[in-house]
2 protein chains.
Amino acid sequence: MDSQRDATEQTVTSLDSPPQALPGPTGAAGKQIPPAAVARLTIYLRALNSLLAEGTERVSSESLAELSGVSSSTLRKDLSHVGSYGTRGVGYEVQYLSRHIAAALGLTHDWKVAIVGAGNLGKALARYGGFESRGFDVVAIFDADQMVVGNEVGWLRVSDVADLEAVLERTGTNMVVLALPAAVAQSICDRVVTAGVRSILSFAPVMLQVPDGVTLRKVDMATELQILAYHAQRAQTPGQPE
Amino acid sequence: MDSQRDATEQTVTSLDSPPQALPGPTGAAGKQIPPAAVARLTIYLRALNSLLAEGTERVSSESLAELSGVSSSTLRKDLSHVGSYGTRGVGYEVQYLSRHIAAALGLTHDWKVAIVGAGNLGKALARYGGFESRGFDVVAIFDADQMVVGNEVGWLRVSDVADLEAVLERTGTNMVVLALPAAVAQSICDRVVTAGVRSILSFAPVMLQVPDGVTLRKVDMATELQILAYHAQRAQTPGQPE
DNA sequence: TAGATTGTTAATCGATTAACAATC
DNA sequence: TAGATTGTTAATCGATTAACAATC
């Protein structure tokens with residue numbers, strides 16, 4: 001139907017690279033899922049959950065693919081990495097498939113998320129409803145500004161970033177979202193890593209360095225707009241002569 | 001050094017798909033740049049700009065690659081899509097290269113951005129400093145809530161989304177950022193497209209449909225966290241038996 | 001000339017698509 | 001049995017990497 005592309009995010013992770021040995025003993029269980037497929041599985045999961053919400057019990061690869069904006073070929077291939085949970089000639093049971101995808105993605109236990117930076121973006125993220133409903137608990141929010149420390153944000157009070165390590169420890173945080181200026185991002189990132197957090201999502205517009213074993217993802221608004229600009233410009237100038 | 005991956009964002013664009021004819025007459029000018037390369041070019045551009053800020057005049061592919069977190073091979077290959085702006089045996093002149101990348105990305109003229117949704121996220125985006133400095137002017141922000149319409153956000157006043165078409169027209173908006181709930185995203189998106197905007201960045205957690213010729217990019221916080229969860233879980237369970 | 005570094009080619013690797021045999 | 005749809009295989013396509021000839 002229309003071309004669907006993955007692009008954009010940088011993930012620095014040493015977890016993909018070494019196949020980690022272990023010659024996958026049973027079925028699709030211990031297997032590596034290709035990064036592109038992981039990203040799409042989250043989309044299928046969302047589509048399945050809205051089907052579930054409206055009471056749909058079964059779905060074919062064809063319709064789930066359409067809801068997700070991919071080809072049915074891609075969808076079936078992606079699902080094959082998770083396992084074999086459909087019925088030929090029939091389709092997939094929505095709830096059953098949803099559960100297995102969630103399990104494959106590691107969404108069965110709850111994740112505790114701390115946000116560093118209580119500026120506009122940090123506050124927006126802390127209050128964002130989409131997290132709790134998907135098994136992500138925001139358990140802390142930090143800022144360096146003493147005028148902001150102690151303020152209420154959603155259900156939380158802003159902690160002093162000076163107490164970062166202690167609060168991460170006490171709350172059992174296992175994921176951190178960095179919503180802070182480029183200038184301080186690397187040093188805070190280092191402290192977060194040293195404190196034992198191995199999953200970091202950064203909104204800071206800089207390349208951060210993390211050691212092996214730490215997964216870092218990056219979201220950058222300016223980058224997104226620049227990519228849009230490239231496409232818009234191409235559309236306007238279909239082929240300018242030098 | 002470490003594995004660098006592109007993943008994550010969905011771009012629905014029909015602009016990639018048809019090579020658009022025009023057998024590229026001169027050099028690399030009218031050529032298609034592969035999506036993965038476009039995303040990285042924005043990173044190089046940022047690195048070049050910080051080099052420029054600290055007064056560095058020349059840089060080799062090796063060091064620029066390191067700053068950007070890619071291999072020098074990838075970097076040179078990416079630059080080759082833009083043109084040939086280095087000197088063998090010497091390297092690249094920072095300012096010169098920066099300008100050419102900016103031109104290739106279509107960042108030479110200013111883009112006018114409107115934000116739809118003046119909730120936490122919309123406000124955070126409107127006040128985000130990274131835009132102006134990169135040639136993106138935020139010219140309008142909208143909301144449907146009459147309690148919010150007329151409020152001040154940064155330099156702007158919140159417009160009524162009822163006046164969407166008129167304001168987009170008057171401000172000359174050519175990019176829209178959707179920062180609104182899933183439920184209303186598609187209908188607002190349709191209005192934006194009908195108003196003639198062809199570049200849309202959506203933060204709404206739904207698959208949006210856009211016609212051919214419109215470029216849509218999507219950023220999704222919950223998806224990002226789910227991808228982190230997948231990696232974290234893998235790290236914990238190096239190969240669980242069934 | 002000797003050393004350095006680009007731009008490009010060819011080889012590898014991974015992701016997408018099409019097609020179809022298996023099977024409900 | 002006939003129709004439908006999965007799961008998988010093989011073919012295509014695109015992206016990354018390594019290597020090196022061109023050249024400053």
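Quantities reported herein were computed from a predicted structural model and do not represent experimental measurements. Quick note on labels: first sequence line is chain A, next is B, and so on, each numbered from 1.
Base pairing of C/dA4 is made with D/dT23, judged by Watson-Crick or G-U wobble geometry with both donor-acceptor distances under 3.5 Å. Partner assigned to D/dT17 is C/dA10, using Watson-Crick or G-U wobble distances below 3.5 angstrom.
Rounded to whole Å, the distance from NZ on A/Lys77 to P on D/dA10 is 11 Å. In this structure, A/Glu93 places its CD atom 17 Å from P of C/dC24, rounding to the nearest Å. The CG atom of B/Leu64 sits 17 Å away from the C1' atom of C/dA4 (whole-angstrom rounding). Separating the CD atom of B/Glu66 from the C1' atom of C/dT5 is a distance of 16 Å, rounded to the nearest angstrom. Computed from coordinates, the B/His100 NE2 to C/dT6 P distance equals 16 Å when rounded to whole Å. B/Leu75 has its CG atom 17 Å from the P atom of D/dA15, to the nearest Å. When rounded to the nearest whole Å, the span between CD of A/Glu62 and C1' of D/dG3 equals 16 Å. Taking atom CZ on A/Arg76 and atom C1' on D/dT6, their separation rounds to 6 Å, with Å as the unit.
In this structure, A/Asp110 and A/Asn174 approach most closely via the heavy-atom pair O-ND2, 4.5 Å. Among all heavy-atom pairs drawn from B/Leu48 and B/Ile101, the shortest one is CD1-CD1, 3.8 Å. Across B/Trp111 and A/Ala229, no two heavy atoms sit closer than the pair NE1-CB, 3.5 Å. Of all heavy-atom pairs spanning A/Gly86 and A/Tyr92, the tightest one is CA-CD2, 3.4 Å.
Residue A/Tyr85 places none of its side-chain N or O atoms closer than 4.0 Å to OP1 or OP2 of D/dT5. Residue B/Tyr92 has no polar side-chain atom (N or O) positioned under 4.0 Å from OP1 or OP2 of C/dA4. Between C/dT6 and B/Thr87, no contact under 4.0 Å exists linking OP1 or OP2 to a side-chain N or O. Contact between the side-chain N/O atoms of B/Ser73 and the OP1/OP2 oxygens of D/dT16 is not found at any separation under 4.0 Å. In terms of phosphate contacts, B/Ser71 brings a side-chain nitrogen or oxygen within less than 4.0 Å of OP1 or OP2 of D/dT17. For A/Ser61, a side-chain nitrogen or oxygen approaches OP1 or OP2 of D/dT6 to under 4.0 Å. For B/Thr74, a side-chain nitrogen or oxygen approaches OP1 or OP2 of D/dT17 to under 4.0 Å.
Listed nucleotides D/dA18, D/dT6, D/dA15 differ in distance to B/Ala36; the shortest reach to its side chain belongs to D/dA15. Proximity note for A/Ser80 (side chain, C-beta onward) versus C/dT16, D/dT17, D/dT8: the nearest is D/dT8. Comparing C/dA15, C/dG7, C/dA10 by their closest approach to the side chain of A/Pro34 singles out C/dA15.
Annotation for A/Arg191: atom CZ counts as buried by contact number, over 12 foreign heavy atoms lying within 6.0 Å.
Among the heavy atoms of the strands lying under 4.0 Å from A/Ser60 are primed sugar atoms or P, OP1, OP2 only; no base atom is included.
Scanning atom types as modelled, no donor and acceptor separated by under 3.5 angstrom connect the side chain of A/Arg88 and the base of C/dT23.
Using a 4.0 Å cut-off between charged nitrogen and carboxylate oxygen, B/Asp137 and B/Lys112 do not count as a salt-bridge pair.
Residue whose closest nucleotide on DNA chain C sits further toward the 5' end, between A/Gly89 and B/Val59: B/Val59.
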